[in-house]
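Note that ligands are numbered from 1 as they come in the structure, with each ligand's atoms numbered from 1 the same way.
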Amino acid sequence: MSATPSPCHLFTPGPVKIPSYVLEIGARQTPYFRNAEFSATLLECESRLLEFAGAPSGSRAVFLTASGTGAMEAAVANLFAAEDPVVVVNGGGFGQRFADICRHHGVAVREHLATGENLAVTAALDGLLPAAALLVNAHETTTGVLYDLDALAAFCRAHGLFFVVDAISMFLTDPLDMAAQGIDALIVSSQKGLALPPGLAMVILSPLAQARLRPGAAPYYFDLAAYLADGARGQTPFTPAVTIVLQLLARLRAIASIGLTAEIERARRVAAYFRDAVPRWPLAFGSDFMPNAMTALTPTDGRKACDIVAALERRYGIVVAPNGGALRDTVFRVAHMGDQHEQDIDVLIEAFDDYYEVAA
Ligand SMILES: *Cc1c(COP(=O)(O)O)cnc(C)c1O
């Protein structure tokens, strides 16, 4: 065995630090799942997820064995036909992914190329109408911009648009309410705020979204009507990510025991604790509209963002997230999702102080 065990502090926007009670479940044998016990587990996961999402009455959740992109694709392929023009907010890599998925399935895309604004004013979208739907990543994780869901919700209401929200990188760290914001389909995934291993993705469908599904139109594995049918009795058409579902239940129960508000407050507090320290270093915030979930940072001293990321890992065993493409040199990201607390941020602050030779 030549693997070097390295102390690893994760501050990436997925995977995130997993709480120990979730890790313990991962160490057990995977149980059989075509039975009443697993059905009860899945049904409880569904009802707790619906509650945390503020889903309108009659909503349902489907559980896909996939990373988050699988749920994005399932939503697009099941909800839209080629004749449906959709507006996509494209403010970075994940907005681009939504647009790419739509095009892949022949859906007509009208893109709004966002450049750091939070769309509290939606006038820029007017020129893209008429359309059938609006698709947005509530938090564009490549840039750290949190869009104004209330404003986008009002825009959708005013123009009769079906509203699809990829909440993957802000669910459980930032406030969200499907019913109040008129969200018809909500996409979440296991490895972000849920703080589970990757491999489980969920689509929450309002009654309107369920009525809009096009059975048989999506790829066989992602036909959401089949998931809804089997889900009624707490099952899935194919082998689910059994262990992650068990971990999901433990996680949802733990959050319920402290309250969702307290979980969101944890993220807000930890993010603020980190952001308070940032002025000690030659770094500027990379976004004017930061979510609790993540802090995007831009070097102001000529260093390259990717070099800082590499140095933090090599010298301190700290993993923050680099960017690709045009943002590679200018932006890196520190996530606050998952089992992260002030003590974790202290480790990060110490490393930055040492790296920049700032006296603590
Ligand atoms: C992480 C993430 C996804 C999912 O990416 P996968 O690699 O497929 O899990 C989708 N949307 C956003 C906004 C994300 O942050």
_Is the positively charged end of Arg251 above the ring of Tyr21, judged by distance under 6.0 angstrom from the centroid and angle within 45° of the axis?_
no
*For atom 3 (C) of ligand 1, grab the closest protein heavy atom and report residue, atom and distance to one decimal in Å.*
Phe94 CE2, 3.4 Å
*Any idea how His159 and Phe155 line up, ring-wise: parallel (<30°), tilted (30 to 60°), or perpendicular (>60°)?*
tilted
*asked:* What I want to know is whether His139 and ligand 1 share at least one N or O pair that is separated by under 3.5 angstrom.
replied: no
*Glu350 atom CD, over 12 foreign heavy atoms within 6.0 Å*: no
*To the nearest 0.1 Å, how far is atom 15 (O) of ligand 1 from its closest protein heavy atom, and which atom is that?*
Thr141 OG1, 2.5 Å
*Has Arg97 got any heavy atom lying under 4.0 angstrom from an atom of ligand 1?*
yes
*How far is atom 9 (O) of ligand 1 from its nearest protein heavy atom, and which residue and atom name does that atom have?*
Gln191 NE2, 2.6 Å
*asked:* Would you call the rings of Tyr221 and Tyr227 parallel, tilted or perpendicular, taking 30° and 60° as the class edges?
replied: perpendicular
*asked:* Once you measure the plane-to-plane angle for His336 and Phe274, does it fall in the parallel (<30°), tilted (30-60°) or perpendicular (>60°) bin?
replied: tilted
*Which is it for Ile168 and ligand 1 at heavy atoms under 4.0 Å: side chain, backbone, both or neither?*
side chain
*Using a strict 4.0 Å cut-off to heavy atoms of Ser169, name the atoms of ligand 1 that fall inside it.*
13 (C), 15 (O)
_Counting only nitrogen or oxygen atoms and a 3.5 angstrom limit, does Pro13 reach ligand 1?_
no
*Hey, is Glu44 close enough to Arg48 for a salt bridge, meaning N to O under 4.0 Å?*
yes
*What protein heavy atom sits nearest atom 11 (N) of ligand 1, and how far off is it?*
Asp166 OD2, 2.6 Å
*Where is the nearest protein heavy atom to atom 6 (P) of ligand 1: which residue, which atom, and how far?*
Ser67 OG, 3.4 Å
*With distance as the sole criterion, is a donor-acceptor pair present between the side chains of His9 and Glu313 under 3.5 Å?*
no
*Inspect the contact between Arg212 and Asp84 and indicate whether a charged nitrogen and a carboxylate oxygen are less than 4.0 angstrom apart.*
yes
*Could you list the atoms of ligand 1 found under 4.0 angstrom from a heavy atom of Met72?*
10 (C)
_Nearest protein heavy atom with distance in Å, relative to atom 14 (C) of ligand 1_ = Lys192 NZ, 2.9 Å
